[in-house]
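First up is the structure itself, then whatever we jot down about it.
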Amino acid sequence: MARFCGICQRSFPTQRGFQQHNSVYHRHPKPRTQHSTYRYHPHLTARPCDPDGFFLADPEAPPPAPLPVHDFQPFPDRPTFEAAELLFEKMAASKDDVKQLLRVLHSKNLLDGHDDDSTPLFGSHQQLLDAIDAIDAGGAEWHTFSVRYGGPVVPNAPAWQRQHFVVHTRNALDVITGMAASPDFVQSWETRPYQEFNEKGERIFSNLMSAHWAWKQAIAKNPETHGSMFTPICVGLDKTTTTVATGSQEFHPVYLMAGNVTNEMRRAHRDAIVPLAFLPISKGGHEDEDDPEFRLFKKQIYHEALRRIFEPLRPGMSKPHVLQCPDGHYRRAIFGIGPIIADYPEQVYLSGIVQGWCAKCQAPKNELDGADDPRFREHTHALLDTFDPGTLWDVFGIVDDVKPFTSYFPRADIHELLAPDLLHQLVKGTFKDHLVTWVEQYIYLTAPNRREAKRILDDIDRRIAAAPAFPDLRRFPQGRNFKQWTGNDSKALMKVYLPALTGYVPDKMIKCLAAFLDFAFLARRSSHTLQTLREMDAALARFRRLREVFVETGVRPDGFGNLPRQHALFHYTWLIKLYGSPNGVCTSLTESKHIVAVKRPWRSSNRNNPLIQILRTNTRLSKLAALRVVLGRRGMLHGDVLSYTFHKVLNSEFEVWSNINIYQEQIPLLGKKLGIPKLHALIRRFLRDQLFPGFDEPDEVVPLNACPWILPSTRVACHASATATFFAPSELCDRNGMHSEIIRCTPKWRKQQSRYDTVLVQLSEDPGLQGMGVGRVRAFLAFAYGITLYECAVLEWFEFVGDHPDPVTGMWIVRQEMDGHQQAMSIVSIDSIVRACHLTGVYGTTHLPSDFHFTETLDAFQFYYVNHYVDYHSFEILK
């Protein structure tokens, strides 16, 4: 199970994850080239100190050495530790399943002649839990407190006025202390606010510590804080539901994140986001839900609970608190409430505004078609002191009896701290709930009848389902025709929706969607410059102008003034300058954490008081994760558990070899098997290109007999896939920004239809797509010629139509490049393949048959869009 990468100083919970990491990032490492210059904060310099807070005389002194411990306590050995991880964390095995497994192992021991007293791994399920509970590292303990109604309670008062609402929480100071000390973050923990500039001198906004908010912290003006490390406390609030057949159960977790952790690590590492508390779910009867006093009470206990949850951090917001950092050094930390991640309903609760208003600016309700002056704490307090509750509600959108929890903490302005939310504002809000719904309404409004409208929608669904396969692209076998949408479903639909609409909606509507997608994909970048922010503003301006098509066609006759989630887009470029890239502070992070912290533990519970069981599970998961890091730092998790045992028992090494999907044939037989009769000629022309790169005459003028000869009996290895690794920090990547994808070429994908992926091939040094070609991989080959091993790919080529992208969709269009009556083919070096690309048909007014299969798409159409919306890296290099 557990592994530790000594190069990256990072642990992995599974053998598969470690093998994939090692194969992708260290077998052929491709480090990011650094061309940036940095300017660091002059006062918040994060000087190392001793455990008592006294600065070290030598700032370059090495950190204290860890204690030399070489055992797996509280586990007797590594197999027992990995068994605990496997059973409790990976498999989430039930008590009965663990009991049965132990009985089977015990029986096997008896049959093999071992003593009856020998116990396999653990004596019982409880012994397994006791061992995990005995881990010293990690796992800040949970405690509870209650909040209740503070007004007078009459004898016939409603039940909610007499009820105690229980809050389960960890000590926030203990949690941030454990996170800061984790060596897993040693290369991903930024100790100082900084300003980054590229080669052109443009400011770069990426991680939280690189943006304006961290740099301008007012606490830096206090001389007592000079030399300290600023530690932002980012907060995630996101209610979630666990659903069963007979109903649902809600939980309201609060997550804590250290703003010093880089965005890439926060997105990739599960322990960079820690469950801190569970808020009470205050519900009354149907009559209570309409009671203004009860609605106000729910908001008040919400803020009181949050205030008490973060109270342990308040002293450290004014006076430095000593923390041990991932590099082992101690530093004086100054805390500050950082960006708060929440969807719009939660933002209403947090900021104390009226539903339908903006929590960031003073734009009036129903007039949200543009940004207004920003809200800020001092202005809100002045309004509260000046106007009566009715005026505050009607004119300013403020609830007078709600005091945000941030008001109790220094330098914390709730209106400023609310972070942009890519998931609910862009993906689920503007795209799925607005644009996709409006397009469907347009089709119903303009079709001759309802039946024809449904026929058009069915054909759009078939177009969506016809999108060719692509690495990590979620498929829609039935189009959009399913009820339970997730955020990942909406993200996947964004990638294939635009080409499916062509021919059915006006060009202006297509351009509107393209402008929105441009904005959304730009916003998702891992880093921004002033140039990309100007591009975002330009895309938003185009979207704002082009969305009038929905007014003109009668879909939105009243305009767009009452859409707070869409209105939030007007604040994005300002918030990026303030907090860095939004992909590091987004509810998609907390939604992913729900699976590990809430939903899986809930499914493992007996449903009787499940929250208590969820808390215990989270504590044990934290302890296992912390012990894994400690053992990895000690060098005790190298190799496989079996190799560890061989080394311990036999003092020998053992290595596990994985199977490779590969076969070898002589050239003529391989050409016949691949359906490429001219394979021998293609290989000869490929060798000419490799051996004589200075001669660039086209194949048409070079006779085949002028190319190097290779024996037809040469055995050529054929691979069904290849892995492309490239720098793509906007995708799911490691902490260095490296992303990998598998490109496939096989006649039987998953033992069914064929799959031959399309790729981008670097042909020249020209920027973007102008220096690339598009090909479809028919085979990955490897063969020896002389003393050189050549790794290459057989490609079918596509050619570009025109010198510019399509003016409506903004996508380049290609078609099959023909060589006589066949598609042009050649062989290229594997090193020239940049990555996979996605082609989708230019459908026009074509109606797809109901039995059309997506594997036929790349052979069925005359023209194809090069889909730069298929993922964020494609957008960056193609758009």
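Along the sequence shown, residues carry numbers from 1. All values reported here derive from a predicted model rather than from experimental measurement.
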Measuring from [X]:[atom1] to [Y]:[atom2], what's the distance to the nearest 0.5 Å?
X	Y	atom1	atom2	answer
Lys360	Ile353	NZ	CD1	11.0 Å
Phe405	Glu304	CZ	CD	12.0 Å
Leu56	Arg331	CG	CZ	9.5 Å
Glu346	Leu418	CD	CG	10.0 Å
Gln300	Ser282	CD	OG	11.0 Å

Given 3.5 Å as the limit, does a donor-acceptor pair link the side chain of [X] with the main chain of [Y], or not?
X	Y	answer
His303	Tyr349	yes
His329	Ala61	yes
Arg375	Cys358	yes

Name all residues meeting the side chain to side chain contact (heavy atoms under 4.5 Å, CB included) criterion together with Cys234; count only those two or more places apart in sequence or in a different chain, and write none if there are none.
Leu208, Met257, Pro339
Residues forming a side chain to side chain contact (heavy atoms under 4.5 Å, CB included) with Lys221, sequence neighbours excluded
none
Would you sort out whether Phe297 and Phe165 count as a ring pair (Phe, Tyr, Trp, His ring centres under 6.0 Å), showing the intermediate values?
CA-CA 12 Å; Phe297 167 73; Phe165 295 90; 5.6 Å; yes
With a 4.5 Å limit on heavy-atom distance, are the side chains of [X] and [Y] in contact?
X	Y	result
Trp393	Val399	yes
Ser36	Ile204	yes
Pro275	Arg170	yes

In terms of heavy-atom contacts, does [atom1] of [X] have more than 12 from other residues, nucleotides or ligands at under 6.0 Å?
X	atom1	result
Glu224	CD	no
Phe54	CZ	no
Arg411	CZ	yes
Lys577	NZ	no
Asp136	CG	no

For the pair Tyr40 and Tyr194, name the ring-plane relationship: parallel under 30°, tilted 30 to 60°, perpendicular over 60°.
tilted
Assess whether a salt bridge exists between Arg314 and Glu311, defined as any Lys/Arg side-chain N lying under 4.0 Å from an Asp/Glu carboxylate O.
yes
Aromatic contact between Phe230 and His43, with the criterion being ring centroids under 6.0 Å apart: yes or no?
no
Looking only at side chains, do [X] and [Y] share a donor and an acceptor under 3.5 Å apart?
X	Y	value
His415	Gln362	no
Asp388	Thr391	yes
Ser581	Asn583	yes

As a quick check of understanding, evaluate side-chain contact (heavy atoms from CB on, under 4.5 Å) for Arg192 and Tyr38, giving each step before the final call.
CA-CA 11 Å; Arg192 293 183 286 174; Tyr38 297 87; over 6 Å; no
Could you walk me through whether Leu313 and Phe409 pass the side-chain contact (heavy atoms from CB on, under 4.5 Å) check?
CA-CA 9 Å; Leu313 296 172; Phe409 297 93; 5.8 Å; no
Set out, in order, the CA-CA distance, both residues' side-chain angles and the distance that settles side-chain contact (heavy atoms from CB on, under 4.5 Å) for Met536 and His528, then state yes or no.
CA-CA 10 Å; Met536 284 182 64; His528 290 268; 3.7 Å; yes
Option among Arg620, Lys623, Arg616 that satisfies the salt bridge (Lys or Arg N to Asp or Glu O under 4.0 Å) test with Asp133
Arg620
[X] to [Y] - nearest heavy-atom pair and separation:
X	Y	result
Phe310	Leu256	CE2-CD1, 4.5 Å
Asp413	Arg377	OD2-N, 2.9 Å
Thr225	Ile334	CG2-CD1, 3.9 Å

Audit row: Trp189, Met265, side-chain contact (heavy atoms from CB on, under 4.5 Å) steps and yes/no
CA-CA 9 Å; Trp189 183 276; Met265 176 59 85; over 6 Å; no
Assess the residue pair Asp421 and Gln425 against the criterion (side chain to side chain donor-acceptor pair (under 3.5 Å)); give the C-alpha distance rounded to whole Å, side-chain angles, the decisive distance to 0.1 Å, and a yes or no.
CA-CA 6 Å; Asp421 181 7; Gln425 293 167 353; 5.4 Å; no
